[in-house]
Amino acid sequence: MIREPKHLLLLFFICLFQGINAQEIDLENIGKRTKEQLKKNPFKISGGISANSVFYNSNVYSGREPFTYFLNGNLNIGIYSWNLPISYSLTNQGSNLGYQVPFKFNRLSIAPKYKWVKAYIGDANMTFSPYTLNGLLFTGGGLELTPDFPLKIALMGGRLNKAIEDDGNPYTIPAYKRMAYGAHLKWEKEKYKLGVIGFYANDQVNSLQIVPESKQVYPQENLVISVMGNVQLHKNVETTFEYANSALITNLLADPSGGERSGIAANFLGSSSTLTNNSAYNAGVNFKLPKGMIGLRYERVDPEYKTLGAYFFNNDLENITFNSAFTLMKDKMSISSNLGFQRDNLNNNKIKQTNRLVGSLNMNLKASDKLMISANYSNFTTFTNRQLNQFTNINQNALQIQQPRDSIDYSQISQNTNINLNYNLSNTKEKVQNINLNYSLNDMVNRENDVVRKGGVTRFHNANLNYSIDFPEKKLNIATSGNFTHTYAASQNTMIMGSGLTLTKSLLKEDKLKTSVGTSYNHSINPNSKIDVVNLRLGANYTPWEKHNFNLNFVQMFRTTDQEIENPNLNEMTCTVGYNYSF
């Protein structure tokens, strides 16, 4: 168990009281200000509710629910300087899964606020930093104190996972009840910002009757301590940094002896043979220029670094990134670029190491009042060096080995290019015409010892041409589109050609009813089959009163193919009906 940080809590309150006392309080005019405040309307209520239902039917797919509803709402109650936001989300999605998950689909959140004090009650999420607590949903409470004083405080505590017993269903995700607590202290001045973060999470061992060892689920305990900051060295030079140390016990049921205690956080946890200690840190500097900026950033995350305060985390990586942004031609053109190098296998304990070279270039140009051009290019190059098994080399026929080397070099080059042209043909009271052309190319090549083998090239071309004409006086819009896609993958060519038409019309007074009807057709050809897909779409948006809105969207899809499959003809219907009210 973690040692009780009584001295840390005492420090929190001392700093808080010092911050409050340091502020100037105008006691002489407090009565006058109070009377003026009471004369104002004390109550302010705003918010909204929405109800949406989805009807689904298919002659092929049966795994999707035929009826799903979503109820969402938010209410903000204002009493003088107090704000009390309340939000909820209810749905039957997941009610018929047939297995259990450790999180909630239905949520209720209350976030009262008074001046610089904000609280989180119920189902909430908070973010301290990417290495500690990063947007993870919890059920409990949180507090943010942001007074007009350098010291800022954020606190949280609650349940991350509910206990889920292993019921034998292969899809059930067993989990121990997991509780978490965190604090983020920041000291902010004009030229620098410093912060300290502490995040602790642990699984309650007795929350499950049976240990789900067959699914390799064990109770864990985690403590993360982080120091971060932002310093303005010069009016045009700014630096940022963060260092985080995470101690993690991956199995509280394991042998309590041993473990790694080299880091700061590990000294606050109990002994365990599964105790690991890892660090993550980054540092960067930005230079502001008259017409742009340039920046350099370095990041390193240890191979086994993990925090229980994030849904997913990448580790075992080292990044070096250079970025820049400039404006040219009297601000008509903007250019930004990014160049980075990434590698893994930081501890040299993997059989292969991967290096990535990442580069991107973006450009936006306002060529004239009617023509806008944007283009971007990115290059992702991955190099992998894999050590071969020496016994495999001995047992293989020497004639089958192309090169007498003890490793294989893999490289993957992925290039992406996108060009977008937007031209305004006309813009008058009678009609507004616009044409848009978009082209993208994705190219990926796999090399093995500088040899491109069969199937090692994937190339994707996509082009879209869109034309729209709007008649403002008739409240009518017509949009047409054409698309072409060519894919070369696994030594096979696939082509998709299609077109679409959409009409949008506003009806009734004050455009209370907006309707749309559309259709699209796509024809796909590959060496093994031909596929035709037709979509029919209907939409309506009705606002009978100022704060009430009804909407309807209907999509019917027909797919036919000459493949010899069980259901060559697919009919699929999706209908969404919704209501929204705001006040």
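For Asn362 and Tyr377, the side-chain atoms include no donor-acceptor pair closer than 3.5 Å. Using a 3.5 Å distance cut-off with no hydrogens or angles, the side chains of Asn436 and Asn420 do pair a donor with an acceptor. No hydrogens or angles considered: nothing links the side chains of Gln433 and Ser468 as a donor-acceptor pair under 3.5 Å.
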Determine all donor-acceptor pairs shorter than 3.5 Å in which one atom belongs to a side chain in residues 333-344; sequence neighbours excluded.
{"from": "Ser337", "atom 1": "OG", "to": "Ser324", "atom 2": "OG", "distance (Å)": "2.6"}
{"from": "Gln342", "atom 1": "NE2", "to": "Asn319", "atom 2": "OD1", "distance (Å)": "2.8"}
{"from": "Arg343", "atom 1": "NE", "to": "Glu318", "atom 2": "OE1", "distance (Å)": "2.6"}
{"from": "Arg343", "atom 1": "NH2", "to": "Glu318", "atom 2": "OE1", "distance (Å)": "3.4"}
{"from": "Asp344", "atom 1": "OD1", "to": "Thr354", "atom 2": "N", "distance (Å)": "2.7"}

Using atom types as modelled, flag every donor-acceptor pair under 3.5 Å from a side chain in residues 530-542 to any protein atom, sequence neighbours excluded.
{"from": "Asp532", "atom 1": "OD1", "to": "Tyr521", "atom 2": "OH", "distance (Å)": "2.6"}
{"from": "Asp532", "atom 1": "OD1", "to": "His523", "atom 2": "ND1", "distance (Å)": "2.6"}
{"from": "Arg537", "atom 1": "NH2", "to": "Thr502", "atom 2": "OG1", "distance (Å)": "3.2"}
{"from": "Asn541", "atom 1": "OD1", "to": "Asn549", "atom 2": "ND2", "distance (Å)": "2.5"}

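Every residue two or more places apart in sequence or in another chain was checked for a side-chain hydrogen bond (donor to acceptor under 3.5 Å, both in side chains) with Tyr581, and none qualifies. For Glu299, the salt bridge (charged side-chain N to carboxylate O under 4.0 Å, His left out) partners are Arg297, not counting sequence neighbours. With sequence neighbours excluded, the residues forming a salt bridge (charged side-chain N to carboxylate O under 4.0 Å, His left out) with Asp316 are Lys350, listed by chain and number. Under the rule for a side-chain hydrogen bond (donor to acceptor under 3.5 Å, both in side chains), Thr519 has no partner lying at least two apart in sequence or in another chain. Annotation: side-chain hydrogen bond (donor to acceptor under 3.5 Å, both in side chains) contacts of Asn355 (sequence neighbours excluded): Gln353. With sequence neighbours left out, the side-chain contact (heavy atoms from CB on, under 4.5 Å) criterion links Thr240 to Asn230. Considering only residues two or more places apart in sequence or on other chains, Lys152 meets the salt bridge (charged side-chain N to carboxylate O under 4.0 Å, His left out) condition with none of them. By the side-chain contact (heavy atoms from CB on, under 4.5 Å) test, Thr487 pairs with Phe460, Thr485, Ala489, Thr494, sequence neighbours left out. In terms of the side-chain hydrogen bond (donor to acceptor under 3.5 Å, both in side chains) criterion, Asn466 has no residue partners (sequence neighbours excluded). In terms of the salt bridge (charged side-chain N to carboxylate O under 4.0 Å, His left out) criterion, residue partners of Asp331 (sequence neighbours excluded) are, by chain and number, Lys291.
Figure legend: cation-pi geometry between Lys474 and Phe471, with NZ or CZ positioned under 6.0 Å from the six-membered ring centre and within 45° of its axis.
Without hydrogens or angle criteria, Asp443 side chain to Gln415 main chain gives no donor-acceptor distance under 3.5 Å.
Interatomic distance, CD1 of Ile413 versus CG of Leu357, reported as 10.0 Å (0.5 Å rounding).
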